[in-house]
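Okay, structure first, notes after.
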Amino acid sequence: MLDIKLIREQPEFVRERLATRGAGDEAKIDEILSLDEQRRKLLNEVEALKATRNRVSKEIGALMAQKKPDEAEARKAETRSLGDQIAALDKTIAETETARDGLMLRLPNLPHATVPVGKTAADNVEVSHWGEKPRFAFEPKSHVDLCESLGLVDFARGTKLSGSGFLLYTGWGARLERGLIQFLLDLHSREHAYTEVSPPYVVKQECMIGTGQFPKAADQAYAVQEGEDASTLGKLYLVPTAETPVANIHREELLKPEQLPIRYCAYSPCFRAEAGAAGVGTRGMIRVHQFDKVELIKVVTPETGYDELEGMMANAEKVLQLLGLHYRVLLLCTGDMGFTSAKTYDIEVWAPGQNDYLEVSSCSNCEDFQSRRMNLRCKPESGTNFFPHLLNGSGTALARLFVALIETYQQEDGSVKIPPALQPYVHSDRIGA
RNA sequence: GGAGAGAUGGCCGAGUGGCUUAAGGCGCAGGUUUGCUAAACCUGUGUAGGGGUAACUCUACCGAGGGUUCGAAUCCCUCUCUCUCCGCCA
């Protein structure tokens, strides 16, 4: 959520920054300002009435203490109607505030000044790359064929169990998936100094609001219902990413500066309804309703936010370097960035069987956008409280990493080599043949 | 699921309708005293939102939401969460 004071004091700046996203959000600013002004006007009125009521009530108390009940009764009669006026105004103010905040919650974050202005993914800027596309003496197969021939994923039975977009990993495939999760958690917790946490996989609605999935993208979430009790629907949601539970860990807390920076890493499955994406590249493992991911989260001071983002990128890139996978790094343009982010880098890994790059990581600084939504604050040694910066990054998403890995390391005989860094986790240097 | 006890500032903790402008303590900041440290003493110290160039001032907040009242931390109703015990359960 943006700071209402910023919108109030620099509406032109906010409009200009929102416009760079190309989604038309800047059109809502006038309505927000109008509601905000109305709210403040009413607030002035009701507070004056309340001040009067407080003063008179105190006088009545004094009269009672002086044993002057007649005078007290007279004052009571005078102020009897005040309560109704106050109640009516309070109600209008609450409605105005709800309307204002409803609009505010749907406004995306302002892009950082260093983010390139653009409309689509085509306008993203490649800032670096690592390694090279592997060369094959044969025609590389798709991961779908490799999974079937090696028995790594049973696509048909996954669909039988849960519908399309759900995967049943089997045999070496299941072991490889588990090994990758453990490899990633070990790397980030032991080498990169993130505190490992294991969060719940369902969260309350307010957590979804806190990290920005709700209210705007509510149709992308899976809602949970307890048994047949429909009244429980809408309270808990399957996590779309570990970012949601982990970034909310300190929601509504007042942190001490010496607690920062906080760095967490966490594994979770990620559940995404992918509404509106049916039939788009759904074959195989590239776009599914449930996938595994190891997520990185940081809570830091605003001064260090962007240095921490670069550090997080280095941590995520290290994954692909250790696995020997070619990748490129993109700085997302204003039009392609997520709702909550002020600046985002994507890491795309090369998948030879797809002849394309696949997004396996997205690292963002959301600045104070999320901490405002969850009322996460920090109390400095002196001065007023501030909202810390919240960063999140995939370290990394698994299904696509799995794809890139087996497509990159496939051999002519149909087997798949396991890179050395992963061998202790898979307990083998090769799958198949 | 059943029974009982609770929820008060950064923390602990008093407070059963109006001298509460939330006592007192801890912590924190400044000051006095002092060879240094410590201690003692004094002063200050919540959050959010309005108004004001400013000093300052007003309003709200005692788990959440309603209600009674001129006035609610305090009385009434509903809900949430925590703790203890019992039952069920991986």
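Please read all numbers here as calculations on a predicted model, not as lab measurements. Computation of the quantities below employed the complete heavy-atom set of this structure, encompassing side-chain atoms and omitting hydrogens, waters and symmetry-equivalent molecules. Naming: A, B, ... by sequence-line order, numbering from 1 per chain.
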### Toward the 5' end of RNA chain B, by each residue's nearest nucleotide, A/N54 or A/G61
A/G61
## Note on the structure
Closest to the side chain of A/S57, out of B/G49, B/G18, B/A48, is B/G18
### Query
What pairs with A/Y264 under ring pair (Phe, Tyr, Trp, His ring centres under 6.0 Å), at least two apart in sequence or on another chain?
A/H250
### Aromatic ring pairing A/H192/A/H188, orientation class (parallel under 30°, perpendicular over 60°, tilted between)
tilted
### Gap between atoms CZ and P, on A/R75 and B/G18 respectively (whole Å)
20 Å
### Message
When the C1' atoms of B/G4 and B/G87 are compared, how many Å lie between them, rounded to an integer?
### Response
15 Å
### Task
Could you state the atom-to-atom distance from NZ of A/K58 to C1' of B/G17 in whole Å?
15 Å
#### Entry: Per A/R39 side chain, nearest of listed nucleotides B/G50, B/A60, B/C70
B/G50
### Message
Can you check the distance between B/C75 and B/U16, where both ends of the measurement are the P atom (answer in whole Å)?
### Response
8 Å
### Message
When both hydrogen-bonding distances must be under 3.5 Å and the geometry is Watson-Crick or G-U wobble, what is B/C88 paired with, if anything?
### Response
none
### Summary
In whole angstroms, the gap separating C1' of B/G71 from CD of A/Q85 amounts to 17 Å
#### Entry: G-U wobble or Watson-Crick pairing nucleotide for B/U47 (cut-off 3.5 Å, both distances)
B/A60
### Task
Measure from the side-chain N and O atoms of A/N124 to the backbone N and O of A/L332, and report whether any donor-acceptor pair falls under 3.5 Å.
no
### Query
Over how many whole Å does the gap from A/E9 atom CD to B/G50 atom C1' extend?
14 Å
### Query
Taking any strand in view, what nucleotide pairs with B/U37 in a Watson-Crick or G-U wobble way, both distances under 3.5 Å?
none
### Query
Rounded to the Å, how far apart are A/R251 CZ and B/C81 P?
15 Å
### Query
Nearest to the side chain of A/K50, which nucleotide is it out of B/A60, B/G51, B/G49?
B/A60
### Task
Side chain of A/A51 only, please: which of B/A48, B/U59, B/G18 is the nearest?
B/U59
### Message
Between B/G13 and B/G18, how far apart are the two C1' atoms, rounded to whole Å?
### Response
24 Å
### Query
What does B/U80 pair with, Watson-Crick or G-U, if both distances are under 3.5 Å?
B/A7
### Query
Nearest 0.5 Å, what's the CG-CG distance between A/L330 and A/D336?
9.0 Å
### Task
Tell me which nucleotide among B/A60, B/A48, B/G50 gets nearest to the side chain of A/R377.
B/A48
### Task
Would you mind telling me which residue lines up with the more 5' stretch of RNA chain B, A/D36 or A/A77, judged by nearest nucleotide?
A/D36
### Aromatic centroids of A/F339 and A/F369 separated by under 6.0 Å
yes
### Query
Does A/R53 make a side-chain N or O approach to OP1 or OP2 of B/A72 shorter than 4.0 Å?
no
#### Entry: Base-pairing mate for B/A73 - Watson-Crick or G-U, with both contacts under 3.5 Å
none
### Message
Classify A/R40 by what it touches in the nucleic acid, base, sugar-phosphate, or nothing, heavy-atom distance under 4.0 Å.
### Response
sugar-phosphate
### Watson-Crick/G-U partner (both atom distances under 3.5 Å) of B/A54
none
### Message
Output the rounded distance in Å from CZ (A/R100) to P (B/G49).
### Response
9 Å
### Task
Verify whether the ring centers belonging to A/Y201 and A/F271 lie closer than 6.0 Å.
no
### Query
Whole-Å distance between B/A48 C1' and A/I4 CD1?
14 Å
## Note on the structure
Out of B/C70, B/G50, B/A60, minimum distance to the side chain of A/E47 belongs to B/G50
### Task
Please tell me which of the listed nucleotides, B/G51, B/U47, B/C70, lies nearest to the side chain of A/K76?
B/C70
### Query
Side-chain donor-acceptor pair under 3.5 Å between A/T304 and A/T301, yes or no?
yes
#### Entry: Atom pair distance, as rounded to whole Å: CG in A/D101 and C1' in B/A48
13 Å
### Task
Could you tell me which nucleotide pairs with B/U20 by Watson-Crick or G-U wobble geometry, both distances under 3.5 Å, or answer none if nothing does?
none
### Message
Counting only Watson-Crick pairs (N1-N3 plus N6-O4 or O6-N4) and G-U wobbles (N1-O2, O6-N3), all under 3.5 Å, who is the partner of B/A14?
### Response
none
